[in-house]
Amino acid sequence: MNPLRSLLVAAVFASASMPQALAADEEEEKPPPGAMALSTVLTQLEQQGYTPIIEVSLSNDRWEVEAYKTGEKRELEVDPNTGAVLSDKPSD
């Protein structure tokens with residue numbers, strides 16, 4: 001088989017499996033039952049002086065948030081059900 005054709009066939013097979021892999025990643029982490037809307041949690045954080053909020057991710061049923069407060073970059077761990085800040089540390 002022509003080397004270019006082999007490469008093309010390999011690329012087609014690799015791209016065909018990508019949507020399934022992406023969907024699997026998306027299903028791994030989702031907020032726990034009863035969680036508040038993320039927009040509500042972020043609004044609460046902004047009202048507490050955490051602004052701007054620059055990154056949000058979900059890990060171990062907790063929102064991990066990077067935001068600034070009084071000019072200092074902070075790393076927060078937030079309860080998705082209550083919006084309570086569980087941990088607030090300076091960012092590295």
Side-chain angles (χ1 to χ4, degrees):
M1 185 182 274
N2 177 331
L4 183 56
R5 185 176 175 155
S6 297
L7 181 60
L8 180 59
V9 169
V12 168
F13 281 113
S15 66
S17 66
M18 285 177 59
Q20 293 171 344
L22 292 175
D25 287 345
E26 290 174 10
E27 292 179 43
E28 287 180 23
E29 289 285 337
K30 61 183 175 181
M36 298 169 57
L38 178 57
S39 59
T40 303
V41 172
L42 297 180
T43 298
Q44 287 181 354
L45 291 173
E46 288 174 337
Q47 290 171 347
Q48 295 173 39
Y50 296 101
T51 184
I53 295 170
I54 58 172
E55 188 174 329
V56 179
S57 61
L58 187 67
S59 179
N60 299 319
D61 287 338
R62 299 284 188 249
W63 289 117
E64 293 182 352
V65 179
E66 285 188 21
Y68 284 85
K69 186 167 185 176
T70 61
E72 184 180 13
K73 190 173 179 184
R74 312 293 298 172
E75 292 182 2
L76 310 173
E77 189 174 295
V78 181
D79 185 306
N81 293 320
T82 65
V85 176
L86 303 173
S87 172
D88 177 352
K89 299 185 247 183
S91 180
D92 296 336

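When a residue number appears, it is its place in the shown sequence, counting from 1.
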In a table with atom names and distances, give each donor-acceptor pair under 3.5 Å that connects a side chain of residues 73-92 to protein atoms at least two apart or in another chain.
residue : atom : partner : partner atom : Å
K73     : NZ   : E66     : OE1          : 3.3
R74     : NE   : D88     : OD1          : 2.6
R74     : NH1  : E72     : OE1          : 3.2
R74     : NH1  : E72     : OE2          : 3.3
R74     : NH2  : D88     : O            : 3.4
R74     : NH2  : D88     : OD1          : 2.8
E75     : OE2  : S91     : OG           : 3.3
D79     : OD1  : N81     : N            : 2.6
D79     : OD1  : T82     : N            : 3.1
N81     : OD1  : A35     : N            : 3.1
T82     : OG1  : A84     : N            : 3.1
D88     : OD2  : Y50     : OH           : 2.6

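- Only one option out of V56, I53, T51 pairs with L45 in a side chain to side chain contact (heavy atoms under 4.5 Å, CB included); it is I53.
- Residues satisfying the side chain to side chain contact (heavy atoms under 4.5 Å, CB included) test with P33, not counting sequence neighbours, are none.
- For the pair L58 and W63, the minimum side-chain heavy-atom distance is below 4.5 Å.
- Judged as a side chain to side chain donor-acceptor pair (under 3.5 Å), not a single pair has a partner in residues 36-45 (not counting sequence neighbours).
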